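These notes concern the structure reproduced below.
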Amino acid sequence: MPELPEVETTRRGISPHIEGRKVDRVIVRQPRLRWPVADDLPARLIGQTVLSVGRRAKYLLLNTEAGTLIIHLGMSGSLRIVDETANVAAHDHIDICLDSGLRLRYRDPRRFGALLWTSQEPLQHSLLKHLGPEPLSAEFDGDYLYQQAVNRSVSIKQFIMDGRVVVGVGNIYANEALFSAGIHPRRSAGRIGLVRYQRLAVMIKKILLEAIRVGGTSLRDFVNSDGNPGYFSQSLQVYGRAGGNCIKCQAKLREIRLGQRSTVYCSNCQH
DNA sequence: TTAATCACCTGAGGGC
DNA sequence: TGCCCTCAGGTGATTA
């Protein structure tokens, strides 16, 4: 389940293979994704050279002279570099064939992802222009979070998972960051002080950086562009450990649902 | 404007 | 073994 570290790991994995390469062919086996793949997408891509591979939030941006291919991996999507002899497995929905003979293969069992073309400045696309800052940018810190939280009654966990506040913090890392910062996930965002927000911002950055360093978190479906799993799951302190003991105080970890999401916390360490 | 809920989708896992 | 049900989760759309 790709969150920001998984998307960044994917970006770093595919970039060396596709930057500077021309698209020869596009094979669409299943156009029904979150939004249907446009009929004219292959025609727009063929003949274009991939100038760079960027990322904004959990969106990958394949930039060409004519426009940008925006890719979202949804819940279960992955991108892999394969050669033309590689077998096509179930849920391998799209191949972007390059002049090197390699292919960028999009696989997505649950089809929550998307491939969209835009000819405009990609950051002005309706999906991207209202997004909050990148969590690893200088713009994102405790002061920023504190200002954004004024008069907000929503729970802190839903608050930091809101892409208009900060992008890329999904359920796994929200659980982990709140545990590390000692903040109860149900606490109202507007009732947390500046000092605690400063600690939370530091923890979000630290956890995301560590997850990127080890190649993301592998739970069920995620593999990186080489087809290998990430290793951050071995570092998870609360997520997926409900009923187990807190690593700090040995109390039993509790599980609740917030915003329809599984939320695990220690009632002794988080207030 | 904010908060809550729904919808999309398939595979894994548990219960019978 | 096979069937059925629940759960997992990102995010835009809809509703209150």
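Convention: sequence-line order gives letters A, B, ...; per-chain numbering from 1. In this text, all values refer to a predicted model and were calculated from it rather than measured experimentally.
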| request: Quick one: name the residues clustered hydrophobically with A/Leu258, using the 4.5 Å side-chain heavy-atom rule over I, L, V, M, F, W, Y, and just say none if it's on its own. | output: A/Ile256, A/Tyr265
Side chains of [Y] and [X]: any donor to acceptor distance under 3.5 Å?
| X | Y | result |
| --- | --- | --- |
| A/Ser155 | A/Gln158 | yes |
| A/Glu19 | A/Ser52 | no |
| A/Asp108 | A/Tyr106 | yes |
| A/Gln198 | A/Asp141 | no |

| Side chain of A/Arg111 (C-beta onward), nearest among B/dG11, B/dC9, B/dT5 |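 Shortest atom-to-atom distance from the side chain points to B/dC9.
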| query | Considering only B/dG11, C/dG10, C/dA8, which nucleotide approaches the side chain of A/Glu255 most closely? | reply | C/dA8
Whole-Å gap separating [atom2] ([N]) and [atom1] ([X]):
| X | N | atom1 | atom2 | result |
| --- | --- | --- | --- | --- |
| A/Glu6 | C/dG10 | CD | P | 10 Å |
| A/Asp108 | B/dT10 | CG | C1' | 10 Å |
| A/His91 | B/dG11 | NE2 | C1' | 8 Å |
| A/Arg107 | B/dG11 | CZ | C1' | 11 Å |
| A/Arg55 | C/dG10 | CZ | P | 16 Å |
| A/Met161 | C/dT11 | CE | C1' | 10 Å |
| A/Leu4 | C/dT11 | CG | C1' | 15 Å |
| A/Arg110 | B/dG11 | CZ | P | 9 Å |

| Ring stacking, A/Phe112 with base of B/dC8, under 5.5 Å and under 30°? | yes
It should be established whether [X] places a side-chain nitrogen or oxygen under 4.0 Å from OP1 or OP2 of nucleotide [N].
| X | N | answer |
| --- | --- | --- |
| A/Arg257 | C/dA8 | yes |
| A/His72 | C/dT11 | yes |
| A/Arg32 | B/dC9 | yes |

| request: Answer yes or no: side-chain N or O of A/Arg261 and base N or O of C/dG10 forming a donor-acceptor pair under 3.5 Å. | output: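 In this structure, the two groups form a donor-acceptor pair.
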| message | Assess whether a salt bridge exists between A/Asp95 and A/Arg29, defined as any Lys/Arg side-chain N lying under 4.0 Å from an Asp/Glu carboxylate O. | response |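 Yes.
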| task | Output yes when A/Glu8 and A/Arg55 qualify as a salt bridge under the 4.0 Å nitrogen-oxygen rule, no when they do not. | result | yes
| For atom CD of A/Glu84, is the number of surrounding heavy atoms from other residues, nucleotides or ligands below 6.0 Å larger than 12? | no
| said: More than 12 heavy atoms of other residues, nucleotides or ligands under 6.0 Å from CZ of A/Arg11: yes or no? | reply: yes
| query | For A/Asn171, which of A/Lys157, A/Gln260, A/Glu176, A/Arg261 qualifies under side-chain hydrogen bond (donor to acceptor under 3.5 Å, both in side chains)? | reply | A/Lys157
Listing time: all N or O pairs from protein to nucleotides 3-6 of chain C that are below 3.5 Å?
none

Which pairs, protein N/O on one side and nucleotides 12-15 of chain C N/O on the other, fall under 3.5 Å?
unit_1: C/dG12; atom_1: OP1; unit_2: A/Tyr59; atom_2: OH; d: 2.9
unit_1: C/dG12; atom_1: O4'; unit_2: A/Arg34; atom_2: NH2; d: 2.6

| query | In terms of the angle between their ring planes, are A/His72 and A/Tyr59 parallel, tilted or perpendicular, with boundaries placed at 30° and 60°? | reply |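 Aromatic pair A/His72/A/Tyr59 classed perpendicular.
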| field | same_hphob_cluster(A/Met161, A/Met75) at 4.5 Å side-chain heavy-atom cutoff | value |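 A/Met161 and A/Met75: separate clusters.
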| task | Answer yes if A/Val202 and A/Val169 sit in the same cluster of Ile, Leu, Val, Met, Phe, Trp and Tyr residues linked by side chain heavy atoms under 4.5 Å apart, and no otherwise. | result |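 No, it is not one cluster - the side chains of A/Val202 and A/Val169 are not joined through contacts under 4.5 Å.
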| field | Overall bend - the helix from B/dT2-C/dA16 to B/dC16-C/dG2, comparing terminal axes fitted on five pairs, nearest 10 degrees | value |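 The two end axes of the helix from B/dT2-C/dA16 to B/dC16-C/dG2 meet at 50°.
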| query | Who passes side-chain contact (heavy atoms from CB on, under 4.5 Å) against A/Gln48, sequence neighbours left out? | reply |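 If we apply the side-chain contact (heavy atoms from CB on, under 4.5 Å) test to A/Gln48, skipping adjacent residues, the hits are A/Thr64, A/Glu65, A/Ala66.
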Shorter than 3.5 Å, N or O on both sides, protein versus nucleotides 1-4 of chain B: list them out with atom names.
unit_1: B/dA3; atom_1: OP1; unit_2: A/Ser153; atom_2: N; d: 2.8
unit_1: B/dA3; atom_1: OP1; unit_2: A/Ser153; atom_2: OG; d: 2.9
unit_1: B/dA3; atom_1: OP1; unit_2: A/Val154; atom_2: N; d: 3.0
unit_1: B/dA3; atom_1: OP2; unit_2: A/Arg152; atom_2: NE; d: 2.7
unit_1: B/dA3; atom_1: OP2; unit_2: A/Arg152; atom_2: NH2; d: 2.6

| Just by modelled atom types, is the A/Arg111 backbone N or O under 3.5 Å from a matching donor or acceptor in the A/Arg34 side chain? | no
